[in-house]
Amino acid sequence: MAIQLFDSLERKLKPLTPSHADGVFRFYNCGPTVYAPAHIGNFRTFVVNDVLRRLLELEFGADKVKHVRNLTDVDDKTIRRAREENRPLAEVTQQWTEKFHADCAALNCLPPHVEPTATGHIREQVDMIDVLMKKGNAYRAADGSVYFKVSSFDRYGALSRVKERELQIGSALSGKSHAADADEKEDVSDFALWKAHKLDDGDNAWESPWGRGRPGWHIECSAMSKKHLGETIDLHTGGVDLLFPHHENEIAQSECCNGVQFSRHWYHSEHLLVDGKKMSKSLGNLYTLDDLRKIEGPVFNPMEIRLALMQGHPRKQLSFTIHSIHSASEALGSLCHFYDALKTFAKPSGPNPRSTTTPSRQFDGVIDSLKSDLNFPAALGELFRATRESGNTSESDLLAFERALRVLGLKIPSYVNLPDDDLAEDVSQRMTIQKINAIPAAITTLAEKRWTAKLAKDFATADALRKELAGLGWSILDRKDGYSLEPAKK
RNA sequence: GGCGCGGUAGCCAAGUGGUAAGGCCGAGGUCUGCAAAACCUCUAUGCGUCGGUUCAAUUCCGACCCGCGCCUCCA
C-alpha cells in the first residue's frame, strides 16, 4: 500500500512516489524564521513533517529520501531583532538556530538532510531573479526593488484559489494597504523578489544587478529547493498559513523561471489552537517549549508534548491546553509500562535476536493509518488497541512495537534494558535517573526516614512523613523492594 | 467582501449509508498496612439545528446557527 497524502493543489488524496530516475524522493519543508524561540504551534508542523519523513524512509528506504528544510535568516523580523539588540544579524540568527535545533532534538525530530539558509544562497536567488527579469516576469521599480509581475503568470492563484482581482478587493475592503512597497509596485498583487537597501537594514545588504539590497522572502525557497532538490520536486510542505501568499508565489517564481512544474505534490498542516484561537503574542496564548518546561517543572518530558501535538489529524485544527499535556503524559506512561513488560517477557531467543526475528503484524494498523493521509488519531488508536490486545510475550511483537514507535518518533522511557539493546536512542531518557537527580537532599532524608518507619511497621509515623512529603510537593511510591520519589502530579 | 475548514460523550479526538476507534477524566473491582502504581470492567440509543433523499443518515443533499483560519514576509 502506497502512502496516500492529501494534495492541497489538486485537493485530493494522491500516492507519494519518487519521480527522478535515482528513486530518491525529494521533499522540501518550509522551515522557521530564526529570530525567537519557535512555539509549539510551529512544532506541530515540524512534528507532522518528521513523521512524514520517517514514514517515507520506511516506505522507500532511508537512503531514498532527501529532506530539505530551510532557515530564514534574513527578513524584516530578524533584522529588527538584531537592530533592537544592537548585535550583528548573523549572531542573532545563530543563537536562535541553535535553540531551534535543541528544541527539535528534544522533540525527537530528525534533522533534515540539508538545512540551507537564505544568506547562504544569495547568488542562487539573484540568478533566479535575473532569469525572471529576462523573461519579463519581473520588473525593477524606481527605488531599486525588483517585483514579480503576477499578471505575467496565468496560473497564479491555482493553489489558494484566490483570484488576483478578489485579492485586490480584499485588500481594499480590509482597509489595509500593502504599506511599505505599495507605492513602488505596478500592481498590489505583485510581490518583492529583491528589496532595495533601506537605512534600517544596516549592513545587511548584498550587491546585485539592481543595486544593493536583500532578497525577498519567497524567492529563497524557490532558489534553495532548486539547488538542493532540482527543478521539479516530489513534495513541498508547510503550515497552512504559508499556502498564501508564500507557496503561491514560490510556484509562480519557480515555474516562470524553470519552465517546468515546481512541485508534484503540496501538503499543508493545520494550526494548533490554544483557547480556541491561533496562538499569538497579542492574545497571550503562545507557548514555547521552555514555557511548558517551566509549567511542568522537573517532570517535564518533551515526548509528552510530541504526543500531545499528535492527538489530532494534521489537516484539522487541534485544540491544545495544559490538560493535553497531562493527558499525553498518562498515555505515555501506559506505553512505558507496556514496553517494559514486553521487554521483560519477550525473551530474546539468541545473542542478537533483533537481527533474525521478523516483526509481527500486531502494530501494522499504526503504519497503515499513517500511510492513509497521516491519520495520527487513528494511528494512535491502533497503537493503544494493539497494545491492549498484545500477549506481551512475543519477541516479534516487541519488534513490531518498536517499529511503530520509531515511525511515530516516540521515545519511551524505560526501566528495562535488553543486553543487546540497539535502541539506545529510544531509551536514552531514563526517567528514574532524571528524577533522582532532581530530588533535593532534604526530601531524600525524609523519604529514608519514612521507609525505615514503614519497615518497622510504624505506620503512623510513615503516613505522617508521607503527608509531609506531599506538602513539599513530592509523592512517594512503594515498589517491590523499595520506593521511588516523584514530584507530585498536578 | 473573497477563499477554505470545522461543530461527535466532562475534555481531546477518529470514523462509517446499516447503527459510534482511541487517549484523558470519572465510577466499580483485583492487588496492597495505607496510598500510589499496575491490571480488569463500565461510561454517547447519540454524532450543531431544521428539513429532504433512502428500507436505513451521525455519515448524502439543502437551509440555518455557531466556531476557526487565510486574504498582512505568521507553522
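Numbered from 1 within each chain, the chains take letters A, B, ... in sequence-line order. Remember, predicted model here, so these are calculated numbers, not experimental data.
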Whole angstroms only, please: what is the [atom1]-[atom2] distance between [X] and [N]?
X: A:D373; N: B:rC5; atom1: CG; atom2: P; value: 14 Å
X: A:L408; N: B:rG22; atom1: CG; atom2: P; value: 17 Å
X: A:W451; N: B:rC34; atom1: CH2; atom2: P; value: 14 Å
X: A:R161; N: B:rC3; atom1: CZ; atom2: P; value: 10 Å
X: A:D368; N: B:rA21; atom1: CG; atom2: C1'; value: 15 Å
X: A:L465; N: B:rG33; atom1: CG; atom2: P; value: 19 Å
X: A:I322; N: B:rC25; atom1: CD1; atom2: P; value: 16 Å
X: A:I305; N: B:rC24; atom1: CD1; atom2: P; value: 16 Å

First locate atom CD of A:Q95, then atom OH of A:Y35, and finally report the distance between them rounded to the nearest 0.5 Å.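 Atom-to-atom, A:Q95:CD and A:Y35:OH are 13.5 Å apart.
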Per the atom types in the model, does the base of [N] pair as donor or acceptor with the side chain of [X] at under 3.5 Å?
X: A:R44; N: B:rA75; value: no
X: A:R450; N: B:rG33; value: yes
X: A:K278; N: B:rC74; value: yes
X: A:H271; N: B:rA75; value: yes
X: A:R466; N: B:rC34; value: yes

Please determine, for the side chain of [X], which listed nucleotide ([options]) has the closest atom?
X: A:K77; options: B:rC5, B:rG33, B:rC74; value: B:rC74
X: A:H39; options: B:rA75, B:rG33, B:rC24; value: B:rA75
X: A:F244; options: B:rC71, B:rA21, B:rA37; value: B:rC71
X: A:R388; options: B:rC34, B:rA75, B:rG23; value: B:rG23
X: A:D241; options: B:rC5, B:rG69, B:rA75; value: B:rA75

For A:G239 and for A:L380, find the nucleotide of RNA chain B with the closest heavy atom, then tell me which residue's nucleotide is more 5'.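 Checking each residue's closest nucleotide, the 5'-ward one belongs to A:L380.
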Return the pairing partner of [N] with a 3.5 Å limit on both distances, Watson-Crick or G-U wobble; otherwise return none.
N: B:rA57; result: none
N: B:rA38; result: B:rU30
N: B:rA21; result: none
N: B:rA44; result: none
N: B:rG62; result: B:rC50
N: B:rC70; result: B:rG2

Identify whether a stacking contact exists between A:F384 and B:rG22, where the ring centres must be under 5.5 Å apart and the planes under 30° apart.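 Taking the rule of under 5.5 Å and under 30°, the ring of A:F384 does not stack on B:rG22.
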Using the [atom1] atom as the point on both nucleotides, what is the distance between [M] and [N], in whole Å?
N: B:rG52; M: B:rC12; atom1: P; answer: 32 Å
N: B:rC47; M: B:rG15; atom1: C1'; answer: 11 Å
N: B:rU43; M: B:rG23; atom1: P; answer: 14 Å
N: B:rG4; M: B:rA13; atom1: P; answer: 24 Å
N: B:rG46; M: B:rA57; atom1: P; answer: 14 Å
N: B:rA14; M: B:rG6; atom1: P; answer: 10 Å
N: B:rG67; M: B:rC25; atom1: P; answer: 31 Å
N: B:rU59; M: B:rU49; atom1: P; answer: 10 Å

Could you tell me how the ring of [X] sits relative to the ring of [Y]: parallel (under 30°), tilted (30 to 60°) or perpendicular (over 60°)?
X: A:F401; Y: A:F338; value: perpendicular
X: A:W266; Y: A:H236; value: parallel
X: A:W217; Y: A:H246; value: parallel

With a sphere of 6.0 Å drawn around NZ of A:K449, does it hold more than 12 non-hydrogen atoms of other residues, nucleotides or ligands?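 Check fails, neighbour count at 12 or below.
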Is the terminal nitrogen or CZ of A:K149 (NZ for Lys, CZ for Arg) located under 6.0 angstrom from the six-membered ring centre of A:Y147 and within 45° of that ring's axis?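 Cation-pi check for A:K149 and A:Y147: fails.
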Does A:R69 qualify as a cation-pi partner of A:F46, given the criterion of NZ or CZ under 6.0 Å from the six-membered ring centre and within 45 degrees of its axis?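 Yes, cation above the ring, under 6.0 Å and within 45°.
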Can any side-chain N or O of A:R214 pair as donor or acceptor with the backbone N or O of A:T119 at less than 3.5 Å?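 No.
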Are A:L292 and A:I40 close enough that some pair of their side-chain heavy atoms sits under 4.5 Å apart?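 Contact flag for A:L292/A:I40 side chains = yes.
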When you check every protein heavy atom under 4.0 Å of nucleotides 7-15 of chain B, what one-letter string (B, S, -) results, 5' to 3'? S----SSSS
Tell me what [X] touches on the nucleic acid: a base, only sugar-phosphate, or nothing, going by heavy atoms under 4.0 Å.
X: A:E382; result: nothing
X: A:G216; result: nothing
X: A:K457; result: nothing

List the residues meeting side chain to side chain donor-acceptor pair (under 3.5 Å) with A:D364, not counting sequence neighbours, and say none if there are none.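 Checked A:D364 against side chain to side chain donor-acceptor pair (under 3.5 Å); matches are A:R361, A:R403.
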